[in-house]
Amino acid sequence: MNKQYDPAQIETQAQHYWDTAGSFAVSEDSAREPYYCLSMLPYPSGKLHMGHVRNYTIGDVISRFQRMQGRNVLQPMGWDAFGLPAENAAIKRGVAPAKWTYENIDHMRRQLQRMGYGYDWRREVTTCDPAYYRWEQQMFTRLLAKKRVYRASAVVNWDPVDQTVLANEQVVDGRGWRSGALVERREIPQWFLRITDYADELLDGLDHLPGWPDAVKTMQRNWIGRSEGVELDFALADGGEPLRVYTTRPDTLYGATYMAVAADHPLALAAEANDPSIAAFLTQIRQGAVTEEAMEKLEKKGMPLGIDALNPLSGERIPVWVANFVLMGYGTGAIMAVPAHDQRDHEFAQRYGLAIRQAVGPADGSAIDVQAQPWVAKDDLVTVNAGQFTGLDFNAAFHAIADYLEAQGIGERRVNYRLRDWGVSRQRYWGCPIPIIHCPSCGAVPVPDKDLPVTLPESVEFTGVRSPLKSDPHWRHVACPSCGGEAERETDTFDTFVESSWYYARYCSPDAQAMVDERANHWLPVDQYIGGIEHAVMHLLYFRFWHKLMRDLALVKSDEPATNLLCQGMVLAEAYYQDSEQSGREWIAPDQVRVERDAKGRITTARRRDDQTEVVATGWTTMSKSKNNGVDPESLVDRFGADTVRLFTMFAAPPDQALEWQDSGVEGASRFLRRLYSVVIEHIEAGTVPAPREQSLDQAGAALRRKLHETIAKVGDDIGRRYTFNTAIAAVMELTNELTRYSESTPSARGLRQEVLEALVLMLQPITPHLSHALWSALGQDGAAVDQAWPTVDESALVRDALELVVQVNGKLRGRITVAADAAESAIREQALADENVIRFTESLTIRKVIVVPGRLVNVVAN
RNA sequence: GCCGGGGUGGCGGAACUGGUAGACGCGCCGGAUUCAAAAUCCGGUUCUCGAAAGAGAGUGCGGGUUCGAUUCCCGCCCCCGGCACCA
């Protein structure tokens, strides 16, 4: 055994052992309880970053811990390999997206292996592999047959200069990132999955997911946004198709004083053709990004179309406007506006001098002025100025008006969702081809099973101007499967959220000649899913949705894909910059900066290491290329070893909080491992340990042994229940500190030291598995650390005979008393009141009450 | 703008169910070891006053409930994540 801790050597040896022993190759085993631990698969961007390291270390710690609890653990890994960055790299460097992606995967796989994660690599999934994506193509054709898929138009960001559709991140301040042209909102035909058919099930299912964070469930509930309202027609004063709108506030219908339609609504399009000023206005408001954020922040603008509608209750003529905040694709493309009782409608009415009419007011009759500001409350209201519907509360008015509209045949009650159907079409090359053939006579025909997969050509030139799928006539032209005539393939590809919606199921049966086989039901649902909080809504909703689609095609039996979810926070680092006249702002990498401190350790200045010039510190920000503050995990592994990186990553913060990266903390983690290593070396060099261990310990020994068993209980709880790995590590460090303070060398003391060290090594196995592997055999133990059971708590070691209690006077700490563990309350009270400092603070006062909290404190209330 | 989360020493964080605020680590200060330095080891370290004992203040800001609030309630400020084509 090496005298010095040599992580490189220890880690190579441990990894070699796991490799040759096949430690992480798992198969279905009826004898052990299965445990499926899943981490979100990475996009192969080129290099592992700290966010990956954090995510995958959490997963590996949980996996190894559960294995020590006797479970048969499946922990797989794969690649979310389709996506925009490959296209961007191709434009920038002239490499084909496929080649770039495969090279990145090879590099990142090696990086993951160096970290010592216990993956079953035989199950690796790569989503850009036709052997993978053929099954989602087949699924799509099944869903089409089941009418879960449809084609409709939807709005996209259109760059009029580059003549291309832009992703939201490619729109900067309303302009195309490369052309700089003002982006237009344009409608194009796209494929949709009917996720709204599952809206109620997705919503109700959240109530049966106790293992998911409340924050995620709340965000999903709000995203689905179920509402009960009324859909109704407003007749046009001069005839024609009535305007259909949805409202959750039929009680305020008397207050509807105008209507607004989207720029692409048929009424607007008709007006555009006849009126050049409306045409100019529509051109103007069609500009800008499609995101909800952009729409909400928009300055609300509109123009009257010169058409009136009729309020169905009052019969009043109200004007129809076209407005930039109404979108055609959402709802009916038209809204009724009640400025008296809606903030946005009110602002718009004031801006354009439109009528504001009160329809409801406070039930207690207190005065409000809706001209000055809207009154939006839904509770404790009464309808006013509402004809036959006057004097009702919200519920009564809602139902009376809904009944009336239904009786008139101009409206009906409707449950509505904020959730929209999932548009899966992308106008991109590097994605899974949508298996559809467009035939002039048969329409959109699904590709038959025998012709699947529709393979994406991989050796292509990609310039970013036009998708290679569109420019390749050989790929595009094909015979119609239905009539045999000339037809064309669909050239759009799937949203990459499609691939990441079912990869977890594929891991269970990676070689199945179907999307999944019966092995999926052995492992699913996932016991623990781990990934970034940024996926709280979209990915995690599609993931749940797709599982239900698979269930309804009898591919899986469970209703939900994962029972427990852990969302980890971002990884942040300090960033530094210098501004200069010539080169503008220059971001300096943190390792190129030296900080200076005052005598109390406060940072005074930060300087560049090379020329000593001062730099500006921004504080904690997310690691990013643009700020040049990324920390490369691999170089840290080179310097300190994977165990140190794993230990620090888990120690620096609880998993669900942002992690603020500091290199000095990494050194602290490394120092702890070196210390533990030398404690073990010292112990084994002192010779063989007497066995069986004697339990005749002195007081200090009994205290250490109590600490040991308290620690085993705490660490098991912290890792297994609370997922607070940082406090688990702190407890292990405390125990190590107490062990080094214990200097007895009697045979029973050395036996105790052996017991403590064995437990320390096993408790650290999930976190620093390589070091544990080496130290476990150094301690003379058979078998590998990875295969050991979690240490058991000896309850008899936990017994205490005396306790220290805190004594407060009026809530302020005034003394401490030591009492017998089984002391009666009256005895504790007496002892507390007898404390010297307590007397000092109570002697001029009258004692009113003495509160005794067993095992914790005594509070004397006096005045 | 809307939805969700967060704010505690010089720094990362701990305090799990309303009960000792600051565990553990970093940094800093002092000491040991060393020819010297690094490494290592030992001690101290919320702030203010005090030689000390101890006292006062203190968990983003303002209020409230309670014997007792970092924890619960109301209002506000700031930071982070998401907002449907980044993944």
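Order of the sequence lines fixes the chain letters, A, B, ..., with proteins taken first and strands second; residue numbering starts at 1 for each chain.
Side-chain contact annotation: A:E169 with A:W177, donor-acceptor N/O pair under 3.5 Å absent.
Set against B:A84, B:G68, B:G1, the side chain of A:K297 has B:G1 as its closest nucleotide. Set against B:G19, B:G13, B:A84, the side chain of A:P654 has B:G13 as its closest nucleotide. Considering only side-chain atoms of A:K849, the nucleotide from B:A23, B:C67, B:U20 that sits closest is B:C67. Comparing B:G4, B:G25, B:G19 against the side chain of A:N859 picks out B:G19 as the nearest. The nucleotide whose nearest atom lies closest to any side-chain atom of A:F651 is, among B:C24, B:G54, B:C67, B:C24. Each of B:G4, B:A14, B:C24 was ranked by its minimum atom distance to the side chain of A:A215; first place goes to B:G4.
Rounded to whole Å, the P atom of B:C35 lies 30 Å from the corresponding atom of B:G25.
Shown here are the ring-ring contact (aromatic ring centres under 6.0 Å, His included) partners of A:W661, two or more places apart in sequence or in another chain: A:F648.
Within residues 167-177 of chain A, the residues having any heavy atom closer than 4.0 Å to RNA chain B are, in order of number, A:A167, A:N168, A:E169. Residues from residues 669-680 of chain A that place a heavy atom under 4.0 Å from any atom of RNA chain B, listed by number: A:R671, A:R674, A:R675.
Using a 4.0 Å heavy-atom distance criterion, A:I851 is classed as a base contact. Note on A:Q190: a base of the nucleic acid sits closer than 4.0 angstrom, heavy atoms only.
In this structure, A:R185 is not positioned above the aromatic face of A:W158 in the sense of NZ or CZ being under 6.0 Å from the six-membered ring centre and within 45° of the axis. Relative to the ring axis of A:F841, A:R814 places its NZ or CZ within 45° and under 6.0 Å from the centre.
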